[in-house]
Amino acid sequence: MKAAPEDQVILLDVQRLDNDVTRIAHRITSLQKGDQLTELGTKAAALRSELVAATGLVEDAERELARLESDTATAHARVERDTTMLQHVSNSKDAAGLQSELDSLQRRIGGLETAELEIMENLDGLRARVGDIEAQLADVEASRSRLVADRDAEIARLSSDRASAEQARADVAAKVPAELLALYDRQRARYGFGASLLQGGVSTASGVALNNSDLQDVRRAAPDDVVLCPDSDAILVRTAESGL
C-alpha cells in the first residue's frame with residue numbers, strides 16, 4: 001500500500017487518541033467494579049447480620065426480664081393476699097400453713113429479683129453491643145455513600161473526557177485516507193496497536209529495536225510505502241527521529 005508520509009504521521013495522533021479513549025474506558029470500568037465499594041458492602045452485610053443476632057439476644061433478654069417481673073409481681077400479690085389472710089385467721093394450723101407459704105414466697109421473690117438483676121446487667125451489655133454495631137454500620141454506610149458520590153462524579157468527569165477524546169479522534173481520523181485508516185483500524189483490532197513510531201531504530205509500539213535486516217528493509221522502502229512493524233504488526237511510521 002502507498003500513502004503519503006504526512007498522512008502516515010497523522011496515524012500517530014490517531015493512535016495517541018485511541019490510547020486515551022482505551023485508558024479512560026479502563027478507568028471507568030475499574031470504578032464501576034468498585035473493589036473498595038464491594039469490600040465496604042461486604043463489611044456492611046456482615047455488620048447487619050451481627051446486628052440482627054445482637055438485637056435478637058436483646059429481645060430474648062427483654063422477654064425473659066418481662067417474664068421474671070410478671071412472676072415477681074404475682075408472688076408479691078400472693079404475699080399481700082396471704083399476709084392479709086394471716087392477720088384474720090384464728091386457727092393455728094391454718095396460720096402455720098400461711099406462714100410457710102409466705103416464707104416460700106419470700107424465697108421465691110428473692111430468687112426472682114436476683115435473676116432480674118442478672119438479666120438487667122446482661123441487658124446493659126447486650127444493648128451496648130447493639131449500639132456499637134449500629135455505630136460501626138453507620139460509619140461504613142457513610143463511607144460507602146461518600147465513595148459512591150465520589151465514584152459517580154469521577155465517572156461523569158471521565159465520560160466527558162472520553163467523549164472529548166472520541167470527538168478529537170474522529171476529527172483527526174477524518175484527515176487520513178480511507179484505505180490507510182482501514183488498515184490502521186484492522187491492525188489495531190488484531191494486535192492492539194495500529195501505528196508505531198520508529199524512533200532511533202526502536203518501534204515504540206513494541207519497545208523493541210529492529211534488527212539490521214529489518215532496518216535494511218525499512219531503509220529500502222520508499223517514503224510513501226506503508227511498512228508494518230515486524231514485532232507489533234502496527235504501521236511503522238518513519239520520521240526524522242527514525243534514525244534511518
Side-chain angles (χ1 to χ4, degrees), residues 1-42 147-244:
M1 181 188 294
K2 296 281 189 178
E6 57 270 25
D7 289 335
Q8 296 187 47
V9 169
I10 296 174
L11 291 177
L12 296 176
D13 288 330
V14 177
Q15 180 68 72
R16 175 181 57 79
L17 290 165
D18 278 335
N19 289 345
D20 288 345
V21 171
T22 299
R23 174 182 54 78
I24 294 169
H26 285 166
R27 178 59 181 154
I28 290 174
T29 299
S30 176
L31 286 170
Q32 288 170 335
K33 287 180 179 177
D35 293 340
Q36 193 172 0
L37 279 172
T38 299
E39 182 182 341
L40 286 174
T42 301
L147 276 177
V148 168
D150 291 345
R151 178 203 64 184
D152 291 348
E154 181 66 4
I155 287 176
R157 185 188 67 78
L158 288 169
S159 296
S160 176
D161 289 347
R162 179 171 61 182
S164 297
E166 287 171 343
Q167 183 58 56
R169 196 268 189 196
D171 293 342
V172 173
K175 302 173 184 177
V176 180
E179 188 178 4
L180 179 61
L181 183 62
L183 175 62
Y184 165 88
D185 287 335
R186 206 161 45 241
Q187 298 306 101
R188 183 173 177 275
R190 289 175 180 171
Y191 308 110
F193 284 92
S196 174
L197 173 65
L198 181 62
Q199 190 174 42
V202 176
S203 169
T204 56
S206 65
V208 176
L210 273 64
N211 60 40
N212 287 332
S213 175
D214 290 332
L215 278 174
Q216 289 302 321
D217 289 340
V218 173
R219 289 189 181 105
R220 282 193 292 269
D224 62 349
D225 281 339
V226 176
V227 178
L228 296 184
C229 171
D231 293 299
S232 67
D233 282 309
I235 295 170
L236 198 62
V237 178
R238 294 157 287 163
T239 69
E241 300 177 57
S242 299
L244 297 176

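Nearest approach of Leu180 to Met1, heavy atoms of both residues: CA-SD, 4.0 Å. What you find for Leu198 and Ser242 is that their closest heavy atoms are O-OG, 2.6 Å. When every heavy atom of Val202 is checked against every heavy atom of Gly207, the shortest pair comes out as CG1-C, 3.8 Å. Nearest heavy-atom pair, Val176 versus Leu181, reported as atom, atom and distance to 0.1 Å: CG1-N, 3.8 Å. When every heavy atom of Val218 is checked against every heavy atom of Arg238, the shortest pair comes out as CG1-CD, 3.5 Å.
Sparse packing is recorded around CD of Gln36, with 12 or fewer heavy atoms of other residues, nucleotides or ligands lying under 6.0 Å away.
In this structure, OG1 in Thr239 is found 7.5 Å from CD in Gln199, a value given to the nearest 0.5 Å. In this structure, Leu40 CG and Leu37 CG are separated by 6.5 Å, a value rounded to the nearest 0.5 Å. Rounded to the nearest 0.5 Å, atoms CZ (Arg151) and CG (Leu158) are 12.5 Å apart. A distance of 12.0 Å separates CG in Asp7 from CD in Glu179, rounded to the nearest 0.5 Å. One distance of note links CG of Asp217 with CG of Leu210; it measures 9.5 Å at 0.5 Å rounding.
Classification of Glu166 and Arg169 as a salt-bridged pair fails, no side-chain N sitting under 4.0 Å from a carboxylate O.
Asp231 has its side chain out of reach of Ser203: every pair of non-hydrogen atoms, C-beta onward, lies at least 4.5 Å apart.
Checked by atom type and distance alone, the side chain of Asp225 never pairs as donor or acceptor with a backbone atom of Val227 at under 3.5 Å. Looking only at distances, a side-chain donor or acceptor of Gln187 sits under 3.5 Å from a matching main-chain atom of Asp233. The backbone N or O of Leu236 lies less than 3.5 Å from no partner atom in the side chain of Ser196, so there is not a single donor-acceptor pair.
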Please report, to 0.1 Å, the donor-acceptor pairs under 3.5 Å made by any side chain of residues 20-32, with sequence neighbours excluded.
unit_1, atom_1, unit_2, atom_2, d
Thr22, OG1, Asp18, O, 3.0
Thr22, OG1, Arg188, NH2, 3.0
Thr29, OG1, Ala25, O, 3.0

Run the side-chain donor-acceptor check on residues 9-16: report pairs under 3.5 Å with partners two or more places apart or on a different chain.
unit_1, atom_1, unit_2, atom_2, d
Gln15, OE1, Gly194, N, 2.6
Gln15, OE1, Ala195, N, 3.1
Gln15, NE2, Asn19, OD1, 2.9

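Annotation: salt bridge (Lys or Arg N to Asp or Glu O under 4.0 Å) contacts of Asp224 (sequence neighbours excluded): Lys2.
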